[in-house]
Amino acid sequence: DSGVTQTPKHLITATGQRVTLRCSPRSGDLSVYWYQQSLDQGLQFLIQYYNGEERAKGNILERFSAQQFPDLHSELNLSSLELGDSALYFCASSVVVSGRAGTDTQYFGPGTRLTVL
Amino acid sequence: DAKTTQPPSMDCAEGRAANLPCNHSTISGNEYVYWYRQIHSQGPQYIIHGLKNNETNEMASLIITEDRKSSTLILPHATLRDTAVYYCIVMNQGGSEKLVFGKGTKLTVNP
């Protein structure tokens with residue numbers, strides 16, 4: 001158990017709909033990362049938040065957005081869903097003390113499996 | 001693109017050591033080598049990381065060559081539960097960078 005929790009575990013929805021995935025980081029971790037894993041693309045970085053602020057962006061679609069709340073949990077919002085958005089979505093967290101080696105190790109949650117029909 | 005090269009698959013007998021190689025010939029001086037594994041669609045699991053010295057923890061050992069262009073992850077006594085995809089990743093420390101996953105090595109531990 002990594003200490004990172006994600007809900008829901010499974011989500012089945014229809015094209016055009018909007019869903020919200022939730023992530024609670026490990027206690028004390030300030031940074032949250034979102035990754036997408038689809039069959040054809042592998043594991044890909046979407047976005048990172050650090051202490052409530054967006055820190056880095058990857059290949060995240062404009063239909064997707066995220067935020068990190070004051071209690072440090074994060075939500076990933078996916079809208080206007082398409083069949084191709086079906087994937088596993090993972091959240092990871094790390095402590096990140098700037099300039100201090102060894103604090104960047106990311107610990108992953110169990111993921112949310114999204115199926116768009 | 002991933003900065004590492006790994007064999008797509010390997011087999012290992014249960015109880016024997018599994019040695020997983022990784023090439024990272026373009027690694028820079030401030031980049032660490034990280035190893036993660038993913039067991040059948042579960043969340044990736046952190047194994048170990050290192051800069052230039054060999055490292056050991058309760059899960060595995062990491063051997064990094066002197067020129068740092070390659071490394072080997074060693075699982076000393078592989079079990080069936082070690083069957084997974086193993087990812088070797090290079091990453092800067094202190095900058096909270098994203099992890100760039102390649103295709104990894106599918107390790108199958110056979111009874």
Side-chain angles (χ1 to χ4, degrees), chain A residues 1-6 9-10 23 25-26 29-51 53-60 87-114, chain B residues 1-6 8-9 27-60 62 64 68 73 81 84-106:
Chain A
D1 184 1
S2 67
V4 179
T5 60
Q6 290 187 249
K9 196 167 183 176
H10 301 278
C23 168
R26 296 185 321 155
D29 283 1
L30 299 176
S31 200
V32 168
Y33 308 76
W34 286 96
Y35 292 83
Q36 178 193 55
Q37 185 173 33
S38 57
L39 277 174
D40 55 345
Q41 293 290 328
L43 267 158
Q44 296 219 314
F45 169 74
L46 293 178
I47 197 165
Q48 180 206 358
Y49 277 80
Y50 175 75
N51 204 19
E53 300 285 329
E54 183 184 301
R55 185 86 170 248
K57 238 176 181 176
N59 296 325
I60 187 167
L88 279 164
Y89 291 85
F90 293 106
C91 165
S93 74
S94 66
V95 170
V96 185
V97 178
S98 181
R100 187 166 143 201
T103 62
D104 289 25
T105 300
Q106 295 178 32
Y107 295 89
F108 284 76
T112 293
R113 181 178 292 277
L114 173 66
Chain B
D1 287 345
K3 299 181 183 179
T4 61
T5 305
Q6 300 177 252
S9 64
I27 193 170
S28 59
N30 59 350
E31 286 182 320
Y32 283 64
V33 179
Y34 273 77
W35 284 83
Y36 282 80
R37 72 181 182 184
Q38 187 175 26
I39 299 170
H40 188 57
S41 298
Q42 296 179 20
Q45 179 186 23
Y46 166 76
I47 302 173
I48 198 166
H49 74 282
L51 182 63
K52 52 185 175 182
N53 298 319
N54 298 337
E55 302 286 345
T56 296
N57 64 19
E58 65 279 1
M59 286 184 69
L62 174 60
I64 302 174
R68 304 209 323 123
L73 178 75
R81 286 177 295 180
V85 178
Y86 287 77
Y87 297 98
C88 168
I89 300 167
V90 296
M91 188 175 82
N92 271 309
Q93 279 276 296
S96 64
E97 285 195 4
K98 64 185 180 185
L99 292 170
V100 179
F101 288 85
K103 296 190 186 303
T105 296
K106 168 71 180 189

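Chain letters run A, B, ... following the sequence lines, proteins first and then strands; every chain starts at 1.
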Check the pair A/Phe108 / B/Tyr36 against side-chain contact (heavy atoms from CB on, under 4.5 Å), numbers first and verdict last.
-> CA-CA 10 Å; A/Phe108 284 76; B/Tyr36 282 80; 3.8 Å; yes
What's the spacing between A/Phe90 CZ and B/Gln38 CD if we round to 0.5 Å?
-> 5.0 Å
Measure centre to centre between the rings of A/Phe45 and B/Phe101, then say whether the value is under 6.0 Å.
-> no
Taking all heavy atoms of A/Thr105 and all of B/Tyr46, pick out the closest pair and write down the distance.
-> CG2-CD1, 3.4 Å
Assess whether atom CG of B/Asn57 is packed by more than 12 heavy atoms of other residues, nucleotides or ligands within 6.0 Å.
-> yes
Between the CG atom in B/Leu99 and the OH atom in A/Tyr33, the distance rounded to the nearest 0.5 Å is 7.5 Å
State whether the number of non-hydrogen atoms from other residues, nucleotides or ligands found under 6.0 Å of A/Arg26 atom CZ is greater than 12.
-> yes
Please flag which part of B/Gln45 lies under 4.5 Å from any non-hydrogen atom of chain A: side chain, backbone, both or neither.
-> neither
Using non-hydrogen atoms only, which part of A/Leu43 is less than 4.5 Å away from chain B: side chain, backbone, both, or neither?
-> both
Among B/Gly43, B/Ser41, B/Gly104, B/Pro44, the residue with the most heavy-atom pairs under 4.5 Å to chain A is B/Pro44
Verdict with supporting geometry, A/Gln106 and B/Lys98, side-chain contact (heavy atoms from CB on, under 4.5 Å) = CA-CA 9 Å; A/Gln106 295 178 32; B/Lys98 64 185 180 185; 5.6 Å; no
Which bit of A/Gln44 is near chain B, if near means a heavy-atom gap under 4.5 Å: side chain, backbone, both or neither?
-> neither
